[in-house]
Structures are given as structure tokens and as C-alpha cells.
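FYI, side chains are in, hydrogens and waters are out, and symmetry mates aren't considered; it's all heavy atoms of this structure.
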Amino acid sequence: KTLKGSVATAQAGASKLAQDIVQKQEERKQISKASQEYEAELYEHNRRERQIRIAIMDIQSRREDRLRKQAERLEVLRQEFLVICRRISSTEKQVEDTAARCAEMGQRLEAKVKKKLLPQIPKMLEVAREAYISDHECRVRNAREARAKLLEEIERLKESIQSTRKD
């Protein structure tokens, strides 16, 4: 019996081992499947993470480009502003210089007028009065001559009329 019992025990043990092996293989399959699923999820997660990182880098790059372009544009505008400020300052200086020169020229002209023309005003008035008087006298003389001619013409016409009546 011992041999039969030993064979039965061995068969039972082998059957148990076979079941354990099948169970272990099944567990390994499930672990392998779970591991593959985990690896797939991990791969997908890493892929998404890479896409997000790439998108973030792209956004940052575009933002940096936009900021760089804005900074360049600001620098250009700043330079243009400085040029305009210099032009305004230069123009203001020119206006001040021109105003000073005009004031100086006005003072010099006024001094010349006072020095040269004021003493001559009485003489100029006298010349103008004489010219007016001369012009008036000339007109009066011309009017007298014209009157005399008209009177002579009237006398001739009277004589002509009288001689015509006598005939």
C-alpha cells in the first residue's frame, strides 16, 4: 500500500503542482497583461507629456519672439522719439535765435529811423508841401489858361454871330 499510497500521493502532488503551475502561468499572464497595459499607459502618458512639453516650448518660443519683436519696435520708436525731441529742441533754439535777431534788427532799424529819418521829417514835409503847392499852382494856371481860351473862343463866336447877323 505504501507504493500505491506513494503513487497516489505523488499523483496528487503532481496534480497540485500542475494546478499551481497553471495558476502561476495564469498569474504571470495577468501580470504580463497588466504590465503591458501599464507600459502602454506609461508610453501614452510620456507621449502626451512630450507633446505638452513641445507645445509649451513652442508657446514660449512664440512669446519670446513676440517680446523680442516688441522690444525691437520699442527701441525703434524710442530712437525716433529721441530724434524728434532733438529736432524740436533744435527748432526751439532756432526760433529763439530768430526772435533775438529780429528784436536786434528791430532795435537797429528803430535807431536808424530815429537817427536818419526823424531829423529829415520837417524837410520832407516842406518838400511835400511845396510839391502840393506847385501842383496846385500848376492846376490853377492850367485852369486859368483854359478859361482864357474858352473866353477867347466865346468872343470869336460872338463876333462870328454878329457878323453873320449883319450879313
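Arg87 is linked by a salt bridge (charged side-chain N to carboxylate O under 4.0 Å, His left out) to nothing, counting only residues two or more places apart in sequence or in another chain. A search for side chain to side chain donor-acceptor pair (under 3.5 Å) contacts involving Asp20 returns nothing, not counting sequence neighbours. Residues passing the salt bridge (charged side-chain N to carboxylate O under 4.0 Å, His left out) test with Glu26: none are found, sequence neighbours excluded. In terms of the salt bridge (charged side-chain N to carboxylate O under 4.0 Å, His left out) criterion, Arg66 has no residue partners (sequence neighbours excluded). Shown here are the salt bridge (charged side-chain N to carboxylate O under 4.0 Å, His left out) partners of Glu72, two or more places apart in sequence or in another chain: Arg68.
Note that CG of Leu67 and CD of Gln60 are 11.5 Å apart. Values are rounded to the nearest 0.5 Å. One finds the CG atom of Leu109 at 11.5 Å from the SG atom of Cys102 (value rounded to the nearest 0.5 Å). Gln70 CD to Leu77 CG: the interatomic distance, rounded to the nearest 0.5 Å, is 11.5 Å. Atom CD of Glu44 is separated from atom CD of Glu37 by 14.0 Å, given to the nearest 0.5 angstrom. Of the inter-residue distances, the one linking Gln94 atom CD with Ser89 atom OG reads 10.0 Å to the nearest 0.5 angstrom. Taken to the nearest 0.5 Å, the CZ atom of Arg62 stands 11.5 Å off from the NZ atom of Lys69.
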Exercise. Take Arg129 and Glu126 through the test salt bridge (Lys or Arg N to Asp or Glu O under 4.0 Å) and record every step on the way to the result.
Key: CA-CA 5 Å; Arg129 188 175 75 67; Glu126 183 61 30; 3.0 Å; yes

Exercise. Go through Ile21 and Lys24 one step at a time and tell me if the side chain to side chain contact (heavy atoms under 4.5 Å, CB included) criterion holds.
Key: CA-CA 5 Å; Ile21 290 172; Lys24 292 291 180 190; 5.6 Å; no

Practice problem: Determine, stepwise, if the pair His45 / Glu49 fulfils side chain to side chain contact (heavy atoms under 4.5 Å, CB included). | Solution: CA-CA 6 Å; His45 173 76; Glu49 185 180 321; 3.6 Å; yes

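At a threshold of 4.0 Å, the pair Lys93-Asp97 counts as salt-bridged, since one of the basic side-chain nitrogens sits closer than that to a carboxylate oxygen.
For the pair Arg50/Arg53, a side-chain contact is recorded, criterion being any heavy-atom separation below 4.5 Å from C-beta on. Taking 4.5 Å as the limit, some side-chain heavy atom of Val76 sits within range of a side-chain heavy atom of Arg73.
When the shell of 6.0 Å around CZ of Arg47 is examined, it contains more than 12 heavy atoms from other residues, nucleotides or ligands.
For the salt bridge (Lys or Arg N to Asp or Glu O under 4.0 Å) condition, the pairs that include at least one residue of residues 139-149, sequence neighbours left out, are Asp135-Arg139.
A donor-acceptor contact shorter than 3.5 Å is absent between the side chain of Ser90 and the backbone of Arg86.
For the residue pair Gln79 / Glu75, a side-chain donor-acceptor distance below 3.5 Å is found, with atom types taken as modelled.
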